[in-house]
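In what follows, a structure is listed as structure tokens, so that the remarks can point back to it.
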Amino acid sequence: MNEIKQYEHVVGEMLKLSEDSMPDSVFDTVNLERAEFRNVNLSTVVFEKANMECAVFNDVDLNCCAFDNAYLDNSTISEASFANAVIENVNMERTKFNSLNMSRASFKGINFKETVFEEVSLDDSRLNFSDMMHASFEKIVLNDTKFTDCDMHNVQIEDCDITGLKINGIDICSLFKALEEKGINIEEFEK
């Protein structure tokens, strides 16, 4: 029988982890505010109802982990892998994601307000029922990513490769090409 590992943490102090890291552990209803996770394997770990506001995750393996009803506001997650993670009902407002692999991750009911995504791969990820108001995406890979039922009004897409981009089933590149063939200058279109 697998034993569930228990972890205690004092707010503001660096989290002390064993050398074997902690795959398959569960953090349920814990306060990990300002915790620092560095060079650690957190793959398959479950964070449920955990407060991780202002936490730092650096060079962390978060593959196949799960976050449910957790708080990650103002956290920083960099040089990490989130591949195949399942994140539901999590507040990630003003979180900074930098140099991450979030391929095939599933996000549902996430508050991404004012969140910064920089050099992040979201290949084949799913983002459902998420609020991205004032979020920023720079140098992002979104190949085969699907956005469903998201509020995206006032979204600006600049200097991006939009080959194959579809909005409500309409191929945007084909639409632009058809407009150009009819002599409609896309840059003049807004005027």
Side-chain angles (χ1 to χ4, degrees), residues 2-18 21-118 120-122 124-137 140 145-151:
N2 290 341
E3 181 181 334
I4 300 293
K5 297 178 183 177
Q6 298 286 331
Y7 297 91
E8 293 182 17
H9 174 62
V10 176
V11 174
E13 288 186 7
M14 191 159 183
L15 195 64
K16 294 173 182 73
L17 305 172
S18 62
S21 298
M22 59 181 110
D24 301 318
S25 297
V26 176
F27 287 83
D28 189 350
T29 319
V30 294
N31 184 357
L32 296 170
E33 185 177 350
R34 293 187 181 87
E36 293 187 25
F37 297 89
R38 296 185 188 276
N39 304 315
V40 67
N41 180 358
L42 297 175
S43 63
T44 68
V45 169
V46 175
F47 295 94
E48 188 168 337
K49 299 177 188 165
N51 176 12
M52 292 176 279
E53 294 180 79
C54 303
V56 174
F57 296 81
N58 188 289
D59 192 20
V60 175
D61 181 347
L62 291 161
N63 293 320
C64 302
C65 70
F67 288 83
D68 188 17
N69 291 304
Y71 295 91
L72 281 157
D73 306 50
N74 297 298
S75 293
T76 302
I77 304 173
S78 58
E79 304 290 333
S81 184
F82 244 112
N84 297 299
V86 177
I87 298 98
E88 294 186 1
N89 304 313
V90 174
N91 195 5
M92 294 182 158
E93 191 168 342
R94 291 181 301 279
T95 294
K96 292 176 181 66
F97 296 107
N98 184 284
S99 300
L100 296 184
N101 174 11
M102 296 175 119
S103 300
R104 296 171 309 284
S106 173
F107 299 88
K108 184 175 181 182
I110 309 300
N111 176 1
F112 283 124
K113 288 181 183 173
E114 299 180 39
T115 294
V116 175
F117 293 82
E118 187 172 316
V120 174
S121 173
L122 286 162
D124 202 23
S125 293
R126 300 293 177 255
L127 294 101
N128 298 308
F129 310 109
S130 297
D131 185 344
M132 296 185 172
M133 188 179 296
H134 303 292
S136 169
F137 296 84
I140 303 301
T145 299
K146 183 177 182 181
F147 293 86
T148 304
D149 200 17
C150 296
D151 181 351

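From Glu114, atom CD reaches atom OG of Ser136 across 11.0 Å, with rounding to the nearest 0.5 Å. One finds the CG atom of Asn58 at 4.0 Å from the OG atom of Ser78 (value rounded to the nearest 0.5 Å). Expressed to the nearest 0.5 Å, how far CD1 of Ile77 lies from OG1 of Thr95 amounts to 6.0 Å. Atom CD in Glu33 sits 10.0 Å away from atom CG in Asn74 (nearest 0.5 Å). Considering NE2 of His134 and CZ of Arg94, their distance stands at 11.5 Å, rounded to 0.5 Å. Summarising the geometry, atom CG belonging to Asp73 is positioned 7.0 Å from atom CG belonging to Asn111; distances are rounded to the nearest 0.5 Å.
Nearest heavy atom pair, residue Ile87 against residue Met92, reads CG2-CE, 3.9 Å. Considering every non-hydrogen atom in both Val90 and Leu72, the closest pair reads CG1-CD1, 4.0 Å. Nearest heavy-atom pair across Leu122 and Ile140 is CD1-CG2, 4.1 Å. Taking each heavy atom of Glu53 and Ser75 in turn, the nearest pair found is C-OG, 4.0 Å.
Contact of the Val120 side chain with the Phe82 side chain is not registered, since no non-hydrogen atoms from C-beta on lie closer than 4.5 Å. Two residues are said to be in side-chain contact when any heavy atoms from C-beta on lie closer than 4.5 Å; Leu127 and Ile110 fail this criterion. Here the side chains of Ser103 and Asp124 are not in contact, with every heavy-atom distance at 4.5 Å or above. In this structure, Phe67 and Phe27 have side chains that are not in contact, with every pair of non-hydrogen atoms separated by 4.5 Å or more. Counting heavy atoms from C-beta on, the side chains of Asp59 and Arg38 never come closer than 4.5 Å. Between Val86 and Phe107, every side-chain heavy-atom pair lies at or beyond the 4.5 Å cut-off. Within the 4.5 Å cutoff, side-chain heavy atoms of Phe137 are placed close to those of Met132.
Residues satisfying the salt bridge (charged side-chain N to carboxylate O under 4.0 Å, His left out) criterion with Asp131, sequence neighbours excluded, are Lys113.
The main-chain N or O of Ala105 is found under 3.5 Å from a side-chain atom of Ser125 such that the two form a donor-acceptor pair. A donor-acceptor pair under 3.5 Å links the side-chain atoms of Ser130 to the main chain of Asn128, judged by distance alone.
Using cut-offs of 30° and 60° on the angle between ring planes, the pair Phe57 and Phe37 is parallel.
When the shell of 6.0 Å around OH of Tyr71 is examined, it contains 12 or fewer heavy atoms from other residues, nucleotides or ligands.
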Checklist entry - Are Asn84 and Cys64 close enough, and set up right, to give a side chain to side chain contact (heavy atoms under 4.5 Å, CB included), and what steps lead you there? => result CA-CA 5 Å; Asn84 297 299; Cys64 302; 3.8 Å; yes
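When the options Asn69, Leu32, Asp68 are evaluated for a side-chain contact (heavy atoms from CB on, under 4.5 Å) with Phe47, the one that passes is Leu32.
A donor and an acceptor atom, one from each side chain of Asn63 and Ser81, are located under 3.5 Å apart.
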